[in-house]
Amino acid sequence: MLYQTAVGALQYRFVDLKTLLAKASPARSGDYLAGLAAATYEERMAAKIILADVPLKQFLQEALIPYELDEVSRLIIDTHDKAAFAPISHLTVGDLRDWMLLDSTDSQALAAVTAGITPEMAAAVSKLMRNQDLILVAKKCRVVTAFRNTIGLPGHLSVRLQPNHPTDDVRGIAASLLDGLLYGSGDATVGINPASDSLSTLMRLWQMLDEVREHFDIPMQSCVLTHVTTQIQAIAAGAPIDLVFQSIAGTEKTNSSFGVNLALLREAHDAAQSLKRGTVGNNLMYFETGQGSALSAGGHHDVDQQTCEARAYAVAREFKPLLVNTVVGFIGPEYLYDGKQIIRAGLEDHFCGKLLGLPMGCDVCYTNHAEADQDDMDTLLTLFGAAGINFIMGIPGADDIMLNYQSTSFHDALYLRSVLGLKRAPEFDAWLAKMAITDTTGQLREIGRGHHLLQQLPFISGAA
Amino acid sequence: MHNDDKTLIQANPWDELRSHTNARIALGRVGSSLPTREVLKFGLAHAQARDAVHRPLDFTHLKHELHAEGFRTLHVHSNAQDRQTYLLRPDYGRQLHDESRIYLEHALPAPELAVVICDGLSSIAAQRHSLPLLKAFRERFSTDWANTPVVIAEQGRVAIGDGIAVALRARLLIVLIGERPGLSSPDSLGIYLTYQPAHGSMDSQRNCISNVRPEGLPYAQAALKLDYLARESLRLQLSGVSLKDDSNQLKISP
């Protein structure tokens, strides 16, 4: 297919679909770093104009990364559902945007075509969408998952409680965990990023989280974010593992730089399923992704970073995860320079993930060398609330003292609930009320010194 | 810091748990939100971290201090001409500017060791901690210190040291660099050691000592580790993943 158009006297021509997608992508530093971005504003618009006329069928003909070279490409092609694609198979990329925005295209209609949409189609259409389009369509996509509670119901918002400590000190982690629970956070998962990779240290963390959960009968799931091979080892050693975590990306080469592939993920998934620890559902994978990881690993094959990110969602959806978290601003300003780029990327990731049928959450975050601050996080957080995001992070005071970056806090979650009337996962909500942490309307109550959790949690699992 | 009217704030009766963590727990709340005091505390910490990234290193002052302590200094620049380029193009920060390369090639070669001080992502870290660390290291590690070059590199990343070491024909390279600042640690210094550095040396060929600052890894301990790694590196003629840091089995002499 020829990708060309004239704008005035200037003729624009792009050699292939991958180049066209890169040139049509909204400006961001990572694509400039890769040498893939449009050279001028007009070139970017010319690429968008051409892209709008590309038939969706073309994406099934022209692989961005060859089938023979890349197992993610093979996964995308091999799992493409022709029957689900049928209702939209006559559309162009521009038509797909129009169709999704129709009032008559509701949650069911979008869910029906999910398996027929490839990540590249989702990435392509997102490049033609304004932020409000990304919000409106994502809000119509409902993805509900469950393990010990139910996440992603309309009008609900969950929080991953992230009680990290720079030396994995169990008392320090317990203190942040307690703080989060008493602020009504933790229904998505309690997930610790450990500093150590020693199995004995990690075993203590899994055991501590499980003891707390059992002792207080909390309908929640826990996770220790270490490498998937370590989790397989730990399951064999009898660790009480609820969720399996892994960072994933959209190309085989990048995944291999993370030390993973599809077979390994399947092995981990099956090992955790064999424990049968879920009560109301059995979604148990927790994936993290983020634009820029493929370029950073030299595994991007000259595909723009947003399209690479969307391809990671093909990997994720293969395992019916409980949670997918795009860690949007963590990677640094050479990939997403400022608040504007971080906000745009976050909305794109959430939209593409939801359209592809994933339970998307976002680590709304930034590092201190990015041109961003807490005001930008407030903006993105609020937009996500409007877009119906499944979950966000909850970190004491939004300051992660182990990973050295800023995210969102327990207070931020309360703010979002307050302005948009968003509820917690119902099972978790009932538990909070039972524990007198919240009142019948879901508002936090005053916690006295004698509160059950305050009296006992710090003394569990040698935490004191 | 602002003193809140305590009657407006819902306090959290678990502030004693702060003895177990530096995490911002038990902050209290006003409605759903942070009390003014906490908003200001966070804002100040962020301001300090931002300044650490953007305040230029005072090279003249640092050079002066190094001279006063008897170090031989040289001054070079990377291909990143300013801070914005430095942040957007990590590759430029790794490259030694051509003029600097020629300047070094005409300088006295390194007898054994070349030390490089980079602003990195925290000029404050380099400004505060590189000299005290270097002095502590000099007390332990014996080499021809009078002729050992201490190269101050502007807008540099770790790998700029490779080009510097090649130009100065150094066998061993030690890069001191300001690390990415955290909210509670705006001034962490990182140390990277590379044996026989060359253009394109891999990260796996380097040993790293992180978070050097009085509140993190104090100078004396960092110097002890660095001395151990430097000596072992020269003895075994390698660095990186195959060089293990067993310095914790040694004792710091008083």
Side-chain angles (χ1 to χ4, degrees), chain A residues 29-30 32-33 163-166 169-180 182-183 332-334 337 367-371 373-374 395-406 409-419 443-444 446-451 453-454 457-458 463-464, chain B residues 10-35 38-39 41-43 45-54 80 83-93 120-122 157 178-186 188 210-211 216:
Chain A
S29 48
Y32 287 106
L33 183 62
N164 296 342
H165 188 276
D169 181 272
V170 173
R171 287 170 304 179
I173 289 171
S176 291
L177 170 59
L178 179 69
D179 195 63
L182 291 175
Y183 268 90
E334 63 268 41
Y337 184 65
T367 58
N368 287 316
H369 61 318
E371 289 296 315
D373 60 22
Q374 225 59 28
I395 297 172
D399 171 14
D400 191 305
I401 56 168
M402 139 70 181
L403 294 170
N404 275 337
Y405 76 119
Q406 286 90 255
S409 65
F410 309 133
H411 293 75
D412 291 332
L414 293 179
Y415 146 78
L416 205 55
R417 295 188 192 293
S418 170
V419 290
Q443 297 271 45
L444 286 191
E446 182 172 354
I447 306 290
R449 281 189 180 277
H451 193 276
L453 237 62
L454 211 44
L457 195 147
Chain B
Q10 178 86 71
N12 299 138
W14 54 90
D15 40 332
E16 65 267 25
L17 292 178
R18 286 204 200 117
S19 60
H20 300 308
T21 179
N22 288 324
R24 291 168 198 259
I25 60 168
L27 300 183
R29 61 189 175 91
V30 282
S32 297
S33 306
L34 285 174
E38 295 299 335
V39 173
K41 269 191 198 167
F42 184 100
H46 184 238
Q48 288 168 342
R50 295 290 290 156
D51 283 343
V53 174
H54 288 279
R83 190 87 310 210
Q84 200 200 6
T85 312
Y86 178 83
L87 293 173
L88 285 168
R89 295 299 302 257
D91 48 338
Y92 291 175
L121 284 169
S122 171
R157 295 197 186 247
E179 295 180 329
R180 196 182 87 186
L183 219 52
S184 46
S185 54
S188 286
S210 185
N211 197 21

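Just so it is clear: chains get the letters A, B, ... in the order the sequence lines come, proteins before strands, and each one is counted from 1.
Neither the backbone nor the side chain of A:Ala413 has a heavy atom closer than 4.5 Å to any heavy atom of chain B. For A:Tyr183, the part lying under 4.5 angstrom from a heavy atom of chain B is the side chain only. With a threshold of 4.5 angstrom between heavy atoms, A:Ser409 does not approach chain B through any atom at all. Both the backbone and the side chain of A:Glu371 come within contact range of chain B, with heavy atoms under 4.5 Å apart. Using a 4.5 Å cut-off between heavy atoms, B:Ser185 contacts chain A through its side chain alone, with no backbone atom that close. Contact of A:His369 with chain B is made through backbone and side chain together, with heavy-atom distances under 4.5 Å. In this structure, chain B has a heavy atom under 4.5 Å from the backbone of A:Leu403, while its side chain stays farther away. Of the atoms belonging to A:Asp400, not a single heavy atom falls under 4.5 Å from chain B. Interface remark: B:Glu16 contributes side-chain atoms only to the contact with chain A (heavy atom separation under 4.5 Å).
Chain B forms the most heavy-atom pairs under 4.5 Å with one residue out of A:Ser176, A:Gly180, A:Gly30, A:Pro163, and that residue is A:Ser176. Taking chain A as the reference chain and counting heavy-atom pairs below 4.5 Å, the highest number among B:Gly31, B:Gly43, B:Gly182, B:Pro13 is found for B:Pro13.
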Check: Does the pair B:Leu88 and A:Leu33 meet the rule for a side chain to side chain contact (heavy atoms under 4.5 Å, CB included), with working shown?
Finding: CA-CA 7 Å; B:Leu88 285 168; A:Leu33 183 62; over 6 Å; no
Next item on the list: Apply side chain to side chain contact (heavy atoms under 4.5 Å, CB included) to A:Gln406 and B:Phe42, showing your working.
Entry: CA-CA 10 Å; A:Gln406 286 90 255; B:Phe42 184 100; 3.6 Å; yes
Next item on the list: Determine, step by step, whether B:Asn12 and A:Ile447 satisfy the side chain to side chain contact (heavy atoms under 4.5 Å, CB included) criterion, reporting the C-alpha distance in whole Å, the side-chain angles of both residues, the deciding distance to 0.1 Å, and the verdict.
Entry: CA-CA 7 Å; B:Asn12 299 138; A:Ile447 306 290; over 6 Å; no
Item checked: Test side chain to side chain contact (heavy atoms under 4.5 Å, CB included) applied to B:Arg89 and A:Tyr32, step by step -> CA-CA 9 Å; B:Arg89 295 299 302 257; A:Tyr32 287 106; over 6 Å; no
Next item on the list: Check the pair A:Glu446, B:Arg29 against salt bridge (charged side-chain N to carboxylate O under 4.0 Å, His left out), reporting the backbone distance first and the verdict last.
Entry: CA-CA 10 Å; A:Glu446 182 172 354; B:Arg29 61 189 175 91; over 6 Å; no
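Considering only heavy atoms from C-beta on, A:His411 stays 4.5 Å or farther from B:Ser33 through its side chain. Side-chain contact check for A:Glu334 versus B:Leu87: every heavy-atom pair is 4.5 Å or farther apart.
Heavy atoms only, all atoms of each residue included: B:Asp15 and A:Arg449 are closest at OD1-NH2, 4.5 Å. What you find for A:Ile401 and B:Ser184 is that their closest heavy atoms are CG2-OG, 4.3 Å.
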